[in-house]
Amino acid sequence: MPDRAPQPVDRQLPTDEARDLISLVRDIAQREIAPKAAEEEDAGHFPREIFTLLSEAGLLGLPYDSEYGGGDQPYEVYLQVLEELAAARLTVGLGVSVHSLACHALANYGTKEQQVEHLPDMLGGGLLGAYCLSEPASGSDAASLRTKAVRDGDDWVLTGTKAWITHGGVADFCTMLARTGGEGARGITAFLVPGDSEGLSAAVPEKKMGMKGSPTAQVHFDGVRIPDGRRIGEEGQGFAIALSALDSGRLGIAACAVGVAQAALDEAVAYATGREQFGRPIADFQGLRFMLADMATRIEAGRSLYLTAARLRDAGRPFARQAAMAKLFCTDTAMQVTVDAVQVLGGYGYTADFPVERYMREAKVLQIVEGTNQIQRMVIARHLAGPESR
């Protein structure tokens with residue numbers, strides 16, 4: 001039996017424009033991203049030049065209004081672009097998802113004047129964003145954040161530390177949440193902060209087991225002063241804005257997870273159909289064939305789940321429960337599929353000569369970011385059974 005080259009995913013896309021868009025993304029992924037992914041991840045190189053290229057190609061603002069430089073694409077299409085990018089390199093796919101998350105607050109809650117002033121550069125002007133919500137002592141319990149914003153005339157003065165920030169130290173702007181009022185969710189406000197603000201700095205990036213090319217760092221706000229014109233939404237509205245962004249962001253993580261899982265499956269199939277033992281390809285052995293079948297089935301189920309949630313979002317219908325389900329299922333799938341891919345490759349799968357060990361290390365973080373999978377289960381259960389008793 002000859003080895004089988006991986007075939008592109010057969011996507012159900014709504015328009016010819018979307019099909020052309022996917023073709024463009026695949027071309028960029030194959031020519032510019034995938035060939036350097038292993039080497040640059042091993043070296044911890046952040047591919048800023050790739051994000052510049054994606055911005056020039058109109059791929060950093062796909063789900064936003066073309067009036068401000070966006071792509072006017074439905075989430076159904078945008079997420080499939082993320083999947084393609086993540087399959088080539090998770091640092092890029094997740095980076096685009098985080099950038100989109102950082103644009104969400106201004107695009108959906110900003111004033112017309114704010115949008116006209118800032119969105120064109122954010123969506124298509126080569127800028128890269130970060131999303132500053134988590135803190136050293138408040139991760140899953142985001143409503144307990146301690147970073148403060150104090151009013152001083154027409155300005156706000158921001159003081160505190162954010163943690164686990166993707167693009168920390170390299171972002172051109174960040175959407176950050178700070179406490180402007182009392183305790184709890186109602187005392188939080190959103191701000192748009194320039195990356196070169198005086199008093200804004202980043203710590204040395206975290207040393208991670210995967211995604212080494214994507215800088216994750218603490219970001220320090222040491223008396224950062226910004227005008228009230230960079231406050232997004234009303235005072236005290238920040239937590240609601242954050243939750244709205246996270247519902248969409250979870251779909252981005254789900255799509256990235258499916259991309260990583262698909263890349264691992266493609267590698268496993270190519271290896272299994274080309275590797276011979278006992279005089280025939282190992283793909284002929286039933287135990288391994290069943291493993292590949294299960295991997296493919298989980299991936300298809302995950303893709304269908306995130307697309308269902310995306311179509312609800314595009315139709316203006318509630319999708320928070322489905323987003324949590326998609327994030328939960330797709331990231332658990334990525335973890336299982338990448339572990340199985342390593343097993344298919346045997347000893348070779350445990351070496352850096354093949355990419356599946358990198359996929360396995362990268363898949364783990366997807367079960368943690370944008371709300372751990374334990375938090376997703378809590379969200380889903382609340383939709384089913386109501387809030388927990390106190």
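All heavy atoms count here, side chains included; hydrogens, waters and symmetry mates do not.
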No-hydrogen, no-angle side-chain donor-acceptor test under 3.5 Å, [X] and [Y]:
| X | Y | answer |
| --- | --- | --- |
| His220 | Ser201 | no |
| Lys208 | Thr216 | yes |
| Thr331 | Asn373 | yes |
| Thr147 | Glu135 | yes |
| Gln80 | Arg303 | no |
| Thr189 | Thr180 | yes |
| Gln336 | Asp332 | no |
| Glu41 | Thr91 | yes |
| Asp141 | Ser138 | no |

Quiz item: Do Arg250's NZ or CZ and the ring of Tyr306 fall within the cation-pi criteria of under 6.0 Å and 45°?
Solution: no
Taking C-beta and beyond as the side chain, do [X] and [Y] meet within less than 4.5 Å on heavy atoms?
| X | Y | result |
| --- | --- | --- |
| Arg358 | Arg361 | yes |
| Arg26 | Val9 | yes |
| Lys212 | His45 | no |
| Pro63 | Pro74 | no |
| Met378 | Ile375 | yes |
| Leu305 | Gln322 | no |
| Ser244 | Tyr109 | yes |
| Tyr348 | Asp353 | no |

Please report the closest heavy-atom contact between [X] and [Y], naming both atoms and the distance.
| X | Y | value |
| --- | --- | --- |
| Ser214 | Thr166 | OG-CG2, 3.7 Å |
| Ala255 | Leu82 | CB-CB, 4.2 Å |
| Gly213 | Pro47 | O-CD, 4.0 Å |
| Gly110 | Ile232 | N-CG2, 4.1 Å |
| Gln73 | Ala18 | OE1-CB, 4.4 Å |

Quiz item: Rounded to the nearest 0.5 Å, how far does CD of Gln7 lie from CG of Asp266?
Solution: 9.0 Å
Quiz item: Rounded to the nearest 0.5 Å, how far does CG of Leu145 lie from OG of Ser134?
Solution: 9.5 Å
Does any N or O in the side chain of [X] come within less than 3.5 Å of the main-chain N or O of [Y], such that one atom is a donor and the other an acceptor?
| X | Y | value |
| --- | --- | --- |
| Lys162 | Leu133 | yes |
| Arg313 | Thr308 | no |
| Gln237 | Glu234 | yes |
| Asp228 | Asp154 | no |
| Glu267 | Ala264 | no |
| Arg19 | Leu13 | yes |
| Tyr359 | Ala341 | no |
| Asp42 | Ala38 | no |
| Arg179 | Gly184 | yes |
| Ser66 | Gly69 | no |

Any ion pair linking [Y] and [X] (charged N to carboxylate O, less than 4.0 Å)?
| X | Y | value |
| --- | --- | --- |
| Glu198 | Arg225 | no |
| Arg280 | Glu276 | no |
| Arg89 | Glu32 | no |
| Asp172 | Arg48 | yes |

Practice problem: Could you tell me whether Phe51 and Phe46 have their ring centroids closer than 6.0 angstrom? | Solution: yes
Exercise. Any chance you could lay out the side chain to side chain contact (heavy atoms under 4.5 Å, CB included) test for Val269 and Val344, step after step, and finish with the verdict?
Key: CA-CA 9 Å; Val269 170; Val344 169; over 6 Å; no
